[in-house]
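Single-structure report; data block below.
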Amino acid sequence: MTTGQQLRLYNSLGRRMEDFVPLPDSPGGVTGMYSCGPTVYSFPHLGNMRAYVFADTLRRALRWKSIPVRHVINITDVGHAVADSDTGEDKLELAAARERRSVEDIAAFYTQAFFDDIAALNILPADEYPRATAYVGQMIEFAARLEERGHTYRLPSGLYFDTSKSPRYGQLALIDVAGQREAARVEHVEGRRHKTDFALWRAEEAGRRRVMRWDSPWGWGAPGWHLECSVMSIALLGPHFGIHTGGIDHRELHHVNEIAQSEACLGDGKPWVRYWLHNEFLQLGDQKMAKSAGGAPRLADLTAAGYHPMAFRLFLLGGHYRSQVDFTNAAMDAAQATLRRLAARIEPLRPLPAADTLDAALLSAGAAAGEGGTAAALLAELDAAITADLATPKVLAILQDTLRDPALPPDGQRAVVAAADALLGLGLGTLGARAVDGRRAASDLPAGELAAIERLVAARAQARKERDWARADEIRDELGKLGVQVTDTPDGPVWELR
Ligand code: AMP
Ligand code: ZN
């Protein structure tokens with residue numbers, strides 16, 4: 001959809017809403033987008049998935065506004081030390097020791113687990129998934145350039161970036177640099193000049209040979225964690241690109257350091273990346289859901305408990321990406337029930353227009369809506385919601401209103417549902433109600449069976465009206481044998497299949 005509202009996004013850099021305007025000199029007019037990806041030393045948990053569902057929602061919004069995107073998600077298979085520190089052990093090496101497997105095995109296994117989960121959540125594949133280990137040579141060149149330009153100093157523990165040489169250091173995190181220098185970051189690094197300085201290269205300690213090691217001008221060792229994202233994004237998207245995303249924790253340290261080293265290396269005085277977007281945390285019992293805390297649930301835990309992966313996606317989209325969301329069983333149950341209701345209501349409308357023919361479908365719906373205007377109005381509401389910093393809860397509400405609107409002709413409903421689904425990515429064009437939780441939907445039944453059930457339900461209501469409780473119970477049992485459960489509500493009996 002090319003017309004409609006201007007896309008507006010909340011830029012963490014400056015902490016304000018801004019119009020999204022592609023960079024004038026982006027290669028081929030394509031917006032580069034980089035999302036910090038998984039550190040592949042253990043299974044990704046549901047909190048991690050929030051970061052990728054968020055990035056996917058942003059991609060869908062850009063597609064909706066006909067803005068072409070090249071998306072890169074990195075795979076961190078070296079360099080990320082425990083507690084995001086400069087001197088701790090590499091998370092992958094620790095995992096390999098713990099599981100008695102090679103680091104290559106660990107990386108391959110958990111990378112596949114990540115791909116499985118993002119596929120199950122209907123996340124659009126990125127254009128590239130670069131692995132950090134494949135870019136160590138370029139990381140060394142990058143760090144050497146920083147050294148040439150006087151942005152670094154050497155210590156026995158490696159090569160450090162001198163943050164005092166970057167006048168804008170910490171702008172993204174709104175760090176009061178003087179204050180931060182005084183603040184106690186737990187880690188003590190011998191000889192580090194400022195608390196904000198960080199390792200570009202982590203040299204091997206004498207007598208402690210690392211498993212993953214490369215030779216460099218600063219001795220054998222491994223790259224610092226922040227370096228990989230600068231190097232791989234610039235290698236794949238060009239020196240300056242449009243969008244960088246990640247979880248909110250990255251706004252405070254990782255992205256601050258990516259910016260400092262990239263701007264120092266490029267040395268052209270221009271801001272490195274134009275828009276920085278961060279998703280808030282998925283919380284578990286008042287705390288950030290985290291791998292290191294242990295026990296963080298993953299998608300496979302949900303599916304084993306009978307939840308559909310799309311129920312989790314729907315649960316996430318029911319909150320705005322910049323709000324903390326609490327993960328609870330009750331919220332998952334509600335999401336599963338909503339997903340089932342959506343699928344059951346949408347089934348009779350199929351086939352929906354495909355996402356790639358959506359523009360045409362939207363236009364014809366808009367034209368057809370000339371008479372009533374309802375479909376066009378709903379499409380305009382969808383556009384207003386998604387362009388207002390990705391208001392997915394609003395998109396969901398519009399979808400539900402659309403399905404409840406008796407005045408809307410089926411073609412109008414189809415267009416609005418397809419459009420909403422292109423934004424939400426719930427796969428509603430093919431998701432059957434039964435696939436959600438294994439229960440049959442009324443629409444699965446042959447017409448004769450459906451009529452027989454409805455006759456019995458009516459007969460039971462009549463028996464109750466006549467206060468013939470024995471007969472009513474008998475019919476309830478008979479319905480039970482057909483797998484039908486009846487609930488009496490103030491509006492009369494409601495039935496569903498078990
Ligand atoms: P990691 O694999 O730990 O490097 O993290 C991958 C992505 O998940 C990063 O963008 C993190 O900021 C993000 N992330 C980690 N934990 C959570 C959480 N509980 N909620 C939302 N995002 C998270
Ligand atoms: Zn990163």
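One-based numbering, in listed order, for ligands and for the atoms of each.
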No-hydrogen, no-angle side-chain donor-acceptor test under 3.5 Å, T245 and S35: yes

Pairs under 3.5 Å, N/O atoms on ligand 1 and on the protein: can you put them in a table with the distances?
from: ligand 1; atom 1: 2 (O); to: T39; atom 2: N; distance (Å): 3.0
from: ligand 1; atom 1: 2 (O); to: K291; atom 2: NZ; distance (Å): 3.0
from: ligand 1; atom 1: 4 (O); to: T39; atom 2: OG1; distance (Å): 3.0
from: ligand 1; atom 1: 5 (O); to: N48; atom 2: ND2; distance (Å): 3.3
from: ligand 1; atom 1: 8 (O); to: N48; atom 2: ND2; distance (Å): 3.2
from: ligand 1; atom 1: 10 (O); to: G247; atom 2: N; distance (Å): 3.0
from: ligand 1; atom 1: 12 (O); to: G247; atom 2: N; distance (Å): 3.2
from: ligand 1; atom 1: 12 (O); to: D249; atom 2: OD1; distance (Å): 2.6
from: ligand 1; atom 1: 19 (N); to: L282; atom 2: O; distance (Å): 3.1
from: ligand 1; atom 1: 19 (N); to: M289; atom 2: N; distance (Å): 3.4
from: ligand 1; atom 1: 19 (N); to: M289; atom 2: O; distance (Å): 2.8
from: ligand 1; atom 1: 20 (N); to: G47; atom 2: O; distance (Å): 3.4
from: ligand 1; atom 1: 20 (N); to: L282; atom 2: N; distance (Å): 2.8
from: ligand 1; atom 1: 22 (N); to: G47; atom 2: O; distance (Å): 3.1
from: ligand 1; atom 1: 22 (N); to: N279; atom 2: ND2; distance (Å): 3.3

Flag for Q261-S230: side-chain donor and acceptor within less than 3.5 Å: yes

Basic-acidic side-chain contact under 4.0 Å: R154, E147: yes

F54 side chain near M49 side chain, heavy-atom distance below 4.5 Å: no

Pairwise side-chain contact, F327 with M332, heavy-atom cut-off 4.5 Å (strictly under): yes

All pairs passing salt bridge (Lys or Arg N to Asp or Glu O under 4.0 Å) where residues 125-144 contributes a residue, at least two apart: R70-E128, D77-R131

Distance flag, aromatic centroids of H255 and W225, threshold under 6.0 Å: no

Around the Zn ion (ligand 2), number of protein N/O/S atoms which are nearer than 2.8 Å: 3

Side chains of D333 and Y307, donor plus acceptor under 3.5 Å: yes

Any residue meeting ring-ring contact (aromatic ring centres under 6.0 Å, His included) with Y275, in chain and number order, not counting sequence neighbours: F20

